[in-house]
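For clarity, every value in this text was computed on a predicted model and none was experimentally measured. Computed from heavy atoms alone, side chains included, the values below leave out hydrogens, waters and symmetry copies.
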Amino acid sequence: AFPLAELHFEIDGGISMALEKNPVYVRFGKAPFEKKLARLGVLFQRLEREGNQAEMIFFDNELRPDRATVRLKNEDIIDEKETVPTTAAP
């Protein structure tokens with residue numbers, strides 16, 4: 001479960017939300033939302049395991065729907081190399 005602080009329905013049909021956890025902003029974009037929520041759980045586990053905290057998480061990249069882009073707290077610039085795949089490594 002992710003405790004919500006805010007939920008936004010975007011003009012383009014997407015959803016974004018601010019979570020109380022840490023706090024962090026999550027932009028889901030458009031459906032499938034259930035799949036993206038499941039990936040968010042996996043991503044939080046990975047960040048915690050690596051000792052990182054997210055400030056912003058984006059699941060709305062239509063060209064790379066298999067990826068989430070994460071802006072870490074205390075980081076100024078996030079480039080493509082720091083895009084975090086949310087699928088488990090083999």
* Structure fact -> On a heavy-atom basis, the closest approach of V24 and M56 is CG2-N, 4.0 Å

* To do: Answer whether the closest heavy-atom distance between the side chains of F59 and L40 falls below 4.5 Å.
  => yes

* Evaluate the salt bridge (charged side-chain N to carboxylate O under 4.0 Å, His left out) criterion for residues D60 and R67: first the C-alpha distance (whole Å), next the side-chain angles of each, then the deciding distance (0.1 Å), finally the verdict. => CA-CA 9 Å; D60 61 346; R67 296 206 175 236; over 6 Å; no

* To do: Quick one: do E6 and H8 satisfy side-chain hydrogen bond (donor to acceptor under 3.5 Å, both in side chains)? Show the steps, please.
  => CA-CA 7 Å; E6 298 177 21; H8 302 270; 2.8 Å; yes

* For residues L72 and L47, determine if any side-chain heavy atom of one lies less than 4.5 Å from a side-chain heavy atom of the other. => yes

* To do: Looking only at non-hydrogen atoms, find the nearest pair between L63 and N61 and report the distance.
  => N-OD1, 2.9 Å

* Asked: Which distance, rounded to the nearest 0.5 Å, do you find between the CD1 of I15 and the NZ of K36?
  -> 9.5 Å

* Asked: Looking only at atom types and distance, does a side-chain atom of R71 sit under 3.5 Å from a main-chain N or O of F58, one as donor and one as acceptor?
  -> no

* Value rounded to 0.5 Å, distance of CZ in F44 from CZ in R49 -> 14.0 Å

* For E10 and R27, run salt bridge (charged side-chain N to carboxylate O under 4.0 Å, His left out): C-alpha distance rounded to whole Å, both residues' side-chain angles, the deciding distance at 0.1 Å, then the answer. => CA-CA 10 Å; E10 307 292 345; R27 169 92 175 130; 3.6 Å; yes

* Asked: Do other residues, nucleotides or ligands put more than 12 heavy atoms under 6.0 Å from E50 CD?
  -> yes

* To do: Fit a plane to each ring of F28 and F33, take the angle between them on a 0 to 90° scale, and name the class: parallel (under 30°), tilted (30 to 60°) or perpendicular (over 60°).
  => perpendicular

* Taking the side chain as every heavy atom from C-beta outward, state whether Y25 and L19 have any atom pair closer than 4.5 Å. => no

* Mind listing the closest non-hydrogen atom pair of L37 and M17 along with its distance? => CD2-CE, 4.1 Å

* Closest heavy-atom pair and its distance - A68, I57 -> CB-CG2, 4.4 Å

